[in-house]
Number of protein chains: 2
Amino acid sequence: MNRPRANLKDVAGRAGVDVSTASRVLANKPGQRVADETRQRILDAARDLDYRPNALARGLRTSRTFALGLVVPQLDNPVFSAAIRGAEMAAAALGYSLLISHRDPDRPMAGEYRRLAATHQVDGLLVASLDDDRNLIEELGETGVPFVLMNRHIDGMPGVALDSRQASRIAVEHLLDLGHRRVAHLAGRLGGFNGQARIAGYRDALEAAGIPFRPEFVEPAGYTVEGGADAMRRLLALPGPRPTGIVAATLVSATGGLAALHAAGIGVPDEVSVVAIHDAPIAAMVYPALTTIRMSTEEMGAKAAGLLVELIAGRSPEAPPLLPPEGLIRRQSTAKPAT
Amino acid sequence: MNRPRANLKDVAGRAGVDVSTASRVLANKPGQRVADETRQRILDAARDLDYRPNALARGLRTSRTFALGLVVPQLDNPVFSAAIRGAEMAAAALGYSLLISHRDPDRPMAGEYRRLAATHQVDGLLVASLDDDRNLIEELGETGVPFVLMNRHIDGMPGVALDSRQASRIAVEHLLDLGHRRVAHLAGRLGGFNGQARIAGYRDALEAAGIPFRPEFVEPAGYTVEGGADAMRRLLALPGPRPTGIVAATLVSATGGLAALHAAGIGVPDEVSVVAIHDAPIAAMVYPALTTIRMSTEEMGAKAAGLLVELIAGRSPEAPPLLPPEGLIRRQSTAKPAT
DNA sequence: CTGTTAGCGCATTCAC
DNA sequence: GTGAATGCGCTAACAG
């Protein structure tokens with residue numbers, strides 16, 4: 001029963017034509033002169049035999065694999081999970097497969113993606129980057145295949161990123177609208193692309209509201225639970241009245257902050273409100289459930305895949321501007337400040 | 001500068017030999033008669049030109065792609081993230097690439113993986129399964145390529161799964177050791193492979209301790225936050241003294257349970273202790289941080305990849321037995337029962 | 001409109 | 001020990 005897959009020759013034979021004719025019909029390119037009747041015979045034969053072109057042979061001939069390589073620094077980050085999902089769906093819709101390659105940023109030369117490119121397994125690379133991927137760009141250039149950066153922007157390179165600045169601004173404005181006046185920021189990596197943008201958005205919002213910027217209210221928390229907890233403790237240790245609202249750069253640091261607040265016996269949202277940038281299932285899993293700014297992470301993946309396919313096709317597409325946040329998700333971690 | 005990749009002909013030319021000889025040397029198969037001096041010339045040439053075999057051409061010739069397809073029902077599940085990481089690393093170590101394919105269990109025929117198999121893009125399939133993937137097996141058979149199931153076992157099919165029963169038992173024993181006597185279970189899907197195993201482990205531990213099994217203490221919670229919260233509420237609504245210890249089948253349902261406990265004003269771990277099966281970063285992100293049973297999820301991915309490669313090679317390897325838990329991770333959600 | 005021809009890069013059988 | 005010849009399945013120029 002399970003006979004081997006039919007190939008083009010089988011289809012052509014069954015339709016009584018030459019393989020080249022079958023190829024032409026099945027390629028379905030515009031402006032091909034083939035008699036309707038012949039075309040139909042070939043189509044029927046292909047359907048009857050459940051013909052699927054051998055991607056290897058086609059790739060060898062055309063030097064196109066219709067596969068994209070996806071390079072991620074970590075798999076267990078909700079941001080990247082969502083981006084991968086978006087990329088996978090967009091790639092599938094465009095007829096591309098997705099090859100995944102984990103790249104440990106701590107080991108510079110690690111990563112299978114160089115091999116993927118060198119052995120012609122992929123037509124291009126989708127690169128999800130943390131802020132601190134130092135030598136990545138250099139490595140990428142050497143591969144000789146087109147690539148698109150995700151989650152950060154570097155001048156002159158194609159990439160798609162999120163509008164972190166606006167996200168941060170919306171988060172602060174939410175707290176301001178509730179009546180908060182002392183709003184602090186659990187910041188990301190100070191030198192990083194997204195980290196910087198979030199601080200800028202925080203300042204934007206304060207400025208628009210006429211509230212003076214206080215440097216001591218910006219505490220670097222990095223992207224870990226402990227970092228978030230430490231930063232929160234430093235904030236609480238500040239002299240003078242403490243902040244009543246907190247904007248965390250990430251969900252992870254937000255949860256660290258929550259833990260420090262709990263440990264200090266400070267009620268959320270009764271005494272302190274917390275908003276986090278990014279949304280994911282975990283936001284609803286912590287206590288109290290976090291109010292968040294939902295980012296277009298999945299769309300980022302999809303847009304990046306689309307852009308890469310354009311690049312592969314030899315076009316010079318416009319890199320999309322920063323993707324705006326999808327909006328505020330109000331949950332239980334924010335409320336009016338205690339009077 | 002960026003001249004096109006060298007191919008075998010270039011290497012052979014540079015070494016002054018025929019391509020077939022170069023191929024022989026580079027294939028590096030045992031029992032090949034090639035003069036040491038010739039071999040060295042070829043190796044040198046390959047190194048100088050940074051030769052990488054074209055995977056497409058090789059695949060076309062040998063009908064092997066050295067790529068594995070990975071089918072996952074969801075990307076944002078920590079269990080699958082870890083399994084993917086394990087699979088990716090093992091595959092890379094074995095010289096295989098990983099093609100990812102999302103498969104929505106709600107849409108029966110969805111999933112690119114069928115195309116991957118049909119077009120010879122992968123040598124085999126690694127299939128991460130939820131309990132409820134009904135028609136998956138049937139679909140898999142039709143692809144005609146070898147496959148390995150992850151996270152569940154079905155008689156007669158190769159697969160690697162976790163020892164959920166033992167995990168559950170360890171979780172209950174931990175609570176028993178602390179002095180708890182009324183221990184309830186937030187169960188997974190009652191009909192599912194892992195769900196059943198966890199209930200069995202729960203009963204094992206009770207029985208070994210001589211504590212009678214009470215059916216009303218097993219509440220199906222599914223795999224969602226809401227499911228966990230609902231189940232917990234039902235448990236709290238039970239007449240008589242309430243359970244002091246809870247074993248949740250998953251992290252997700254555990255957090256739902258925690259939320260319900262918080263909402264009811266019940267202290268964790270002061271009044272109720274909670275243990276969850278599975279460990280992931282989120283366990284440390286909730287409040288209080290969850291005591292968990294750490295499972296060998298990453299190893300599951302790695303073992304599955306290894307098994308699949310054996311299958312592809314035509315061997316008939318033993319499917320590994322269930323993977324035992326890595327142990328208990330004690331955090332803040334468990335303590336002695338209030339006296 | 002359709003068939004013939006050539007070749008993508010490699011592994012492999014067969015000569016010598 | 002090494003080279004010559006063949007073909008994996010497909011596409012694309014060129015004939016006719």
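So that the names make sense, note that chain A is the first sequence line, chain B the second, and so on, each numbered from 1. None of these values were measured; they are calculated from a predicted model.
The pair Arg47(A)-Asp44(A) counts as a salt bridge, with a side-chain nitrogen and a carboxylate oxygen less than 4.0 angstrom apart. With salt bridges taken as basic N to acidic carboxylate O contacts below 4.0 Å, one links Arg115(B) and Glu112(B). Salt bridge present: Arg5(B) and Asp50(B) bring a charged side-chain N and a carboxylate O closer than 4.0 Å.
Donor-acceptor pairing under 3.5 Å, judged by distance alone, is absent between the side chain of Arg24(B) and the base of dG1(D). Donor-acceptor pairing under 3.5 Å, judged by distance alone, is absent between the side chain of Ser20(A) and the base of dT5(C).
One atom, NZ of Lys9(B), and another, C1' of dG3(D), lie 15 Å apart when rounded to the nearest Å. As a whole-Å value, the separation of Arg5(B) CZ from dC10(C) P is 10 Å. Look at CZ on Arg61(B): it is 16 Å from P on dC10(D), rounded to the nearest Å. One interatomic measurement links the two molecules: CZ of Arg64(B) to C1' of dC10(C), which rounds to 15 Å at whole-angstrom precision. Counting to the nearest Å, the P atom of dG7(C) and the CG atom of Leu8(B) are 18 Å from each other. Separating the CG atom of Asp10(A) from the P atom of dG9(D) is a distance of 9 Å, rounded to the nearest angstrom. We find that CG of Asn54(A) is positioned 13 Å from C1' of dC8(C), with the value rounded to whole Å. Atoms CD (Glu37(A)) and P (dT2(C)) sit 8 Å apart, rounded to a whole Å.
Listed candidates were dA4(D), dG9(C), dC10(C). Nearest to the side chain of Leu60(A) is dG9(C). Picking from dC10(D), dC10(C), dG1(D) the nucleotide with the shortest atom distance to the side chain of Asn7(B) gives dC10(C).
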Give the table of side-chain donor-acceptor pairs shorter than 3.5 Å for residues 62-75 of chain B, with sequence neighbours excluded, one pair per line with atom names and distance.
| residue | atom | partner | partner atom | Å |
| --- | --- | --- | --- | --- |
| Thr62(B) | OG1 | Arg58(B) | O | 2.7 |
| Thr62(B) | OG1 | Arg64(B) | N | 3.3 |
| Arg64(B) | NH2 | Tyr96(B) | OH | 2.6 |
| Thr65(B) | OG1 | Ala67(B) | N | 3.2 |
| Thr65(B) | OG1 | Gln121(B) | O | 3.3 |
| Thr65(B) | OG1 | Asp123(B) | N | 3.4 |
| Thr65(B) | OG1 | Asp123(B) | OD1 | 3.1 |
| Gln74(B) | OE1 | Asn77(B) | ND2 | 2.7 |

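The shortest distance between the side-chain N/O atoms of Thr21(B) and the OP1/OP2 oxygens of dT2(D) is not below 4.0 Å. Residue Thr38(A) places no side-chain N or O under 4.0 Å from the OP1 or OP2 atom of dC1(C). Proximity of Lys29(A) to the phosphate of dA12(D): a side-chain N or O atom is located under 4.0 Å from OP1 or OP2.
Across all strands shown, Val17(A) has heavy atoms under 4.0 Å from sugar-phosphate atoms exclusively, and none from any base. Heavy atoms of Arg58(A) sit under 4.0 angstrom from primed sugar atoms or phosphate atoms, though from no base atom.
Projected onto DNA chain D by closest heavy-atom contact, Thr62(B) and Arg39(B) fall at different nucleotides, the more 5' of which corresponds to Arg39(B).
Using a 4.5 Å heavy-atom cutoff, the side chains of Pro53(B) and Leu8(B) are not in contact.
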